[in-house]
4 protein chains.
Amino acid sequence: MQKPATRNDSGRKTRLQAARSKGKELKRRGRQRSEESEEAILSAVIHLLREKPLRDISIEEIAKKAGVGKATIYKWWPSKAYLAFDAFSKRLKEMVPIRDTGNAEKDLTEQLYALFAFFETPAGKLLGQFLGEGQVDEEFACLFRERFIKPRRQLVGVIFDRAVESSQIRGGLDRELVLDLIYGPGFYRMMIRRAPLGRDAVDAMISTLFRGLKGTPSRDGRYLRRS
Amino acid sequence: MQKPATRNDSGRKTRLQAARSKGKELKRRGRQRSEESEEAILSAVIHLLREKPLRDISIEEIAKKAGVGKATIYKWWPSKAYLAFDAFSKRLKEMVPIRDTGNAEKDLTEQLYALFAFFETPAGKLLGQFLGEGQVDEEFACLFRERFIKPRRQLVGVIFDRAVESSQIRGGLDRELVLDLIYGPGFYRMMIRRAPLGRDAVDAMISTLFRGLKGTPSRDGRYLRRS
Amino acid sequence: MQKPATRNDSGRKTRLQAARSKGKELKRRGRQRSEESEEAILSAVIHLLREKPLRDISIEEIAKKAGVGKATIYKWWPSKAYLAFDAFSKRLKEMVPIRDTGNAEKDLTEQLYALFAFFETPAGKLLGQFLGEGQVDEEFACLFRERFIKPRRQLVGVIFDRAVESSQIRGGLDRELVLDLIYGPGFYRMMIRRAPLGRDAVDAMISTLFRGLKGTPSRDGRYLRRS
Amino acid sequence: MQKPATRNDSGRKTRLQAARSKGKELKRRGRQRSEESEEAILSAVIHLLREKPLRDISIEEIAKKAGVGKATIYKWWPSKAYLAFDAFSKRLKEMVPIRDTGNAEKDLTEQLYALFAFFETPAGKLLGQFLGEGQVDEEFACLFRERFIKPRRQLVGVIFDRAVESSQIRGGLDRELVLDLIYGPGFYRMMIRRAPLGRDAVDAMISTLFRGLKGTPSRDGRYLRRS
DNA sequence: AGTTAAACGAGACGGTACGTCATGTCTTATT
DNA sequence: AATAAGACATGACGTACCGTCTCGTTTAACT
């Protein structure tokens with residue numbers, strides 16, 4: 001996550017950034033933002049998440065554990081959720097890198113394997129919290145989609161295009177729909193049904209999805225009709 | 001869900017129930033639980049949900065609006081989530097009845113239409129909160145699956161069985177997997193992508209799912225291989 | 001404390017008493033007041049007072065310990081203080097009987113010894129609570145004076161009269177003033193200074209009081225003037 | 001009682017005081033305690049005491065009236081009683097200054113006049129509550145004696161010593177005993193008998209006390225003997 | 001080198017809600 | 001009719017955090 005000093009992953013509260021002119025890179029007077037503190041804060045969040053869910057972690061606790069003033073946290077993150085999202089993203093990038101090796105199949109399945117494995121880690125468990133938060137804070141929901149959902153879909157989108165091109169997937173399909181069909185069952189299984197989701201399950205899902213459910217073709221092309 | 005007087009939908013905190021024998025129906029001494037209060041509490045929750053998300057509703061507020069003591073709420077529900085779930089279930093039963101008319105196809109699509117429409121209502125928006133809560137409180141997650149997820153799946157399960165029997169769906173498919181493929185994309189689209197999910201989208205999902213994604217058949221049955 | 005069944009020492013809340021005619025002793029319809037319960041309640045109070053001060057004892061606790069409904073307590077006593085006062089009086093009568101044996105001196109000192117000893121017992125410690133309650137509830141203060149303070153003063157009043165008559169105490173003294181001088185220092189020492197108050201101290205107080213503080217008499221009879 | 005900024009009259013909860021070195025007067029980091037809030041709280045207590053007794057005043061009410069958070073009160077005072085005692089002391093200092101003008105007689109009677117007059121004021125009425133609290137909380141009782149009772153007694157103690165020296169009071173008397181005899185009757189009359197206690201009554205008490213009760217002297221110096 | 005200003009730790013503050021407890025009232029079934 | 005059991009509305013308790021606000025300190029860039 002290479003980023004300039006005053007840039008959060010959640011991309012917010014960096015009011016001064018715009019003021020910094022393009023070329024000169026003139027630094028503001030006064031003390032600079034402490035990288036050390038940011039590091040300590042994110043680390044504290046991740047450590048605390050091993051013990052209890054985000055809901056039960058207070059800003060006060062994070063500040064204390066990080067050896068940081070509360071105000072420093074409030075200064076750089078608009079809410080606990082954004083803070084947690086930064087921590088989440090940090091871990092996500094380490095554990096689920098987006099790769100495009102050219103080998104579409106491998107990239108896709110590796111992506112799904114890693115993703116669903118990540119959701120079992122303390123940081124990954126945040127996902128459910130984020131969904132709840134997304135209901136409450138539309139801005140956060142937006143951030144979440146832009147920074148987490150979209151990049152994943154884009155990867156698969158590329159694979160989809162290639163597969164259509166090479167006729168591995170039939171034409172005429174709505175790309176968004178297909179992406180929903182690919183990602184949906186996994187998320188549903190994990191977040192809602194809370195059932196285990198190993199590699200076999202991923203393989204089976206994808207496989208069944210490709211082949212379809214249909215048995216003997218119905219004459220008029222509609223599904224689920226009495227013969 | 002017809003229930004005896006002292007029974008919550010969330011099925012908890014009714015310590016005395018067991019003590020009541022089946023036949024004699026002997027009532028315990030002392031004042032009985034007030035049905036009126038229970039009603040008022042659930043109503044208050046639903047009304048408040050029109051204004052703001054569950055997270056921002058305090059127990060104190062509910063009690064005040066319902067004209068009820070806080071202690072009464074704490075007595076019968078272990079947490080705000082359980083209370084909200086009762087309210088959610090109440091509305092759900094009204095709006096998304098589980099019907100088995102014998103017409104499998106109609107039952108399934110009607111079920112999905114109604115379900116996803118329900119999620120747009122104030123009570124339906126709770127779903128995201130419940131997922132978050134489920135991460136925090138495993139007991140709640142369990143309740144949620146038992147009382148909400150399972151009954152829906154059972155309905156579709158029956159339809160699935162019939163369809164297999166009549167060869168509308170090919171044999172050899174794992175039932176749970178198919179249910180994930182049917183429900184998953186809808187939930188994902190709504191909860192995670194927060195994209196609209198009308199009747200057309202439902203039709204397209206189901207339709208594509210049945211037909212499968214595959215283009216030109218690959219020789220060895222594996223998906224996504226260069227020809 | 002011989003009393004009719006439905007009479008509290010605190011003499012309150014016995015609305016039905018008036019209705020009972022003198023001679024016929026016609027009993028009210030329905031179940032009679034349970035002597036047993038009253039007994040149990042007062043006992044419970046006294047036992048609880050051994051563990052903690054009245055302030056920290058709840059009506060609920062008393063009811064539970066006495067195996068009695070809360071309503072029963074509320075029915076017969078207007079507040080916790082009155083209830084405690086009944087318990088206090090009960091113990092007081094046992095431990096500090098008012099005796100008039102004719103031997104004035106002995107009666108007085110015995111009275112004081114016993115009284116101040118009583119104040120060291122759990123029930124006696126209530127006295128401080130009663131003073132506080134008296135500030136809050138004038139009716140209780142009145143009851144307290146009538147039933148506790150006055151009877152003690154009357155005993156000493158008789159002794160005072162005899163002593164004046166026999167010239168052991170000089171004439172022309174205000175009776176109430178003298179009673180204040182006799183009782184005051186003891187109460188002050190115990191309740192306010194919380195200093196020990198044994199027999200010696202009582203003897204010294206009375207002795208000094210009788211003899212007076214004066215040294216060389218001042219010519220005009222006023223105290224504390226430079227000669 | 002001149003005190004540093006962060007010092008309560010009740011002398012408690014000032015954990016950090018010790019850490020402040022004597023000479024440098026280095027202030028601790030962070031925001032300083034708000035004098036303004038302390039003032040507002042004590043004022044609120046005194047105002048509320050005009051309407052009702054301490055028992056019926058809730059911390060919540062005080063906080064609201066003072067425009068202050070409850071936590072601020074709990075932070076600096078361990079209980080309502082200590083808070084009330086600070087308010088009491090504040091008023092006491094204004095209304096009953098301890099003076100030692102050298103004129104012993106005047107100082108003493110003025111002290112008693114003012115003291116007993118003070119007890120008729122809203123703040124003064126607290127005294128009874130404090131006695132009750134003293135029974136419950138030994139630490140409070142101790143504070144009460146140290147900060148209220150002792151200073152008064154010391155003043156009179158000095159007068160006593162002078163009076164003995166000048167032979168206005170005879171020698172050989174126990175100082176503590178005499179102080180009890182002087183203060184006791186007044187407190188008793190007011191707190192326990194709840195009888196009025198004007199200047200005349202004070203004069204009569206002191207006068208009678210100095211002269212003694214004795215009538216015809218008994219031969220052996222014992223009081224209360226049959227002639 | 002001195003000045004200025006931002007960021008920082010500490011922590012007090014006015015609030016809000018928490019979940020618990022006790023109050024005094026009321027209802028129900030029992031005695 | 002009086003009781004025990006116990007549910008109830010009410011409201012205060014003392015605690016925990018919230019997000020804001022001084023404080024005095026530290027760190028840079030700009031004089």
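For the numbers below, each heavy atom of this structure counts, side chains included, while hydrogens, waters and symmetry mates do not. Throughout, protein chains are lettered first and strands after them, A, B, ... in sequence-line order, and every chain is numbered starting at 1.
- Sequence order on DNA chain E of the closest nucleotides to B:Asp56 and D:Val68 puts D:Val68 first from the 5' end.
- Sequence order on DNA chain E of the closest nucleotides to D:Gly69 and C:Lys80 puts D:Gly69 first from the 5' end.
- Whole-Å rounding puts the C:Lys64 NZ to F:dA4 P distance at 15 Å.
- Closest heavy-atom contact between B:Arg55 and A:Val136: CB-CG2, 4.2 Å.
- Contact between the side-chain N/O atoms of C:Thr72 and the OP1/OP2 oxygens of F:dA4 is found at a separation under 4.0 Å.
- In this entry the distance linking CD of C:Glu36 with P of F:dA2 reads 17 Å, nearest Å.
- At whole-Å resolution of the value, CD1 in A:Ile59 and P in E:dG15 are 22 Å apart.
- Under 4.0 angstrom from either OP1 or OP2 of E:dA6 there lies no side-chain N or O belonging to A:Trp76.
- Of the two residues contacting DNA chain F, namely B:Ala63 and C:Ala66, the nearest-nucleotide position lying further toward the 5' end is that of C:Ala66.
- Counting non-hydrogen atoms under 4.0 angstrom, A:Ala71 reaches a base of the nucleic acid.
- Between the P atom of E:dA17 and the CD atom of B:Glu61 lies a distance of 7 Å, rounded to the nearest Å.
- As rounded to whole Å, 12 Å separates atom P of F:dC18 from atom CZ of B:Arg55.
- If you check E:dA22, F:dA12, E:dA29 against the side chain of B:Arg29, the one that comes closest is E:dA29.
- The CD atom of A:Glu35 sits 15 Å away from the C1' atom of F:dA28 (whole-angstrom rounding).
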Practice task
Please step through side-chain contact (heavy atoms from CB on, under 4.5 Å) for the pair B:Glu133 and B:Phe85, ending with a clear verdict.
Solution key: CA-CA 11 Å; B:Glu133 184 68 18; B:Phe85 184 72; over 6 Å; no
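- A heavy-atom distance below 4.5 Å is found between the side chains of C:Glu139 and C:Tyr82.
- Between atom CD1 of residue B:Ile59 and atom CH2 of residue B:Trp77 there is a gap of 9.5 Å, rounded to the nearest 0.5 Å.
- Checking the phosphate oxygens (OP1, OP2) of E:dA10, no side-chain nitrogen or oxygen of A:Lys70 falls inside 4.0 Å.
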Exercise for the section: Step by step, work out the side-chain contact (heavy atoms from CB on, under 4.5 Å) result for D:Glu38 and D:Ile41. Expected result: CA-CA 5 Å; D:Glu38 182 174 359; D:Ile41 291 166; 5.7 Å; no
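- Closest to the side chain of C:Glu60, out of E:dC8, F:dG19, E:dA22, is E:dA22.
- Spacing between atom CG of C:Leu54 and atom P of E:dA22 amounts to 14 Å, rounded to whole angstrom units.
- In this model, the phosphate group of E:dG14 is approached by a side-chain N or O of D:Ser37 to a distance below 4.0 Å at OP1 or OP2.
- On a pure distance criterion of 3.5 Å, a polar donor-acceptor pair joins the side chain of A:Arg31 and the base of F:dT26.
- Straight-line distance from the CH2 atom of C:Trp77 to the C1' atom of E:dG24: 16 Å, rounded to whole Å.
- You'll find that the side chain of D:Lys75 is closest to E:dC13, out of E:dT23, E:dT20, E:dC13.
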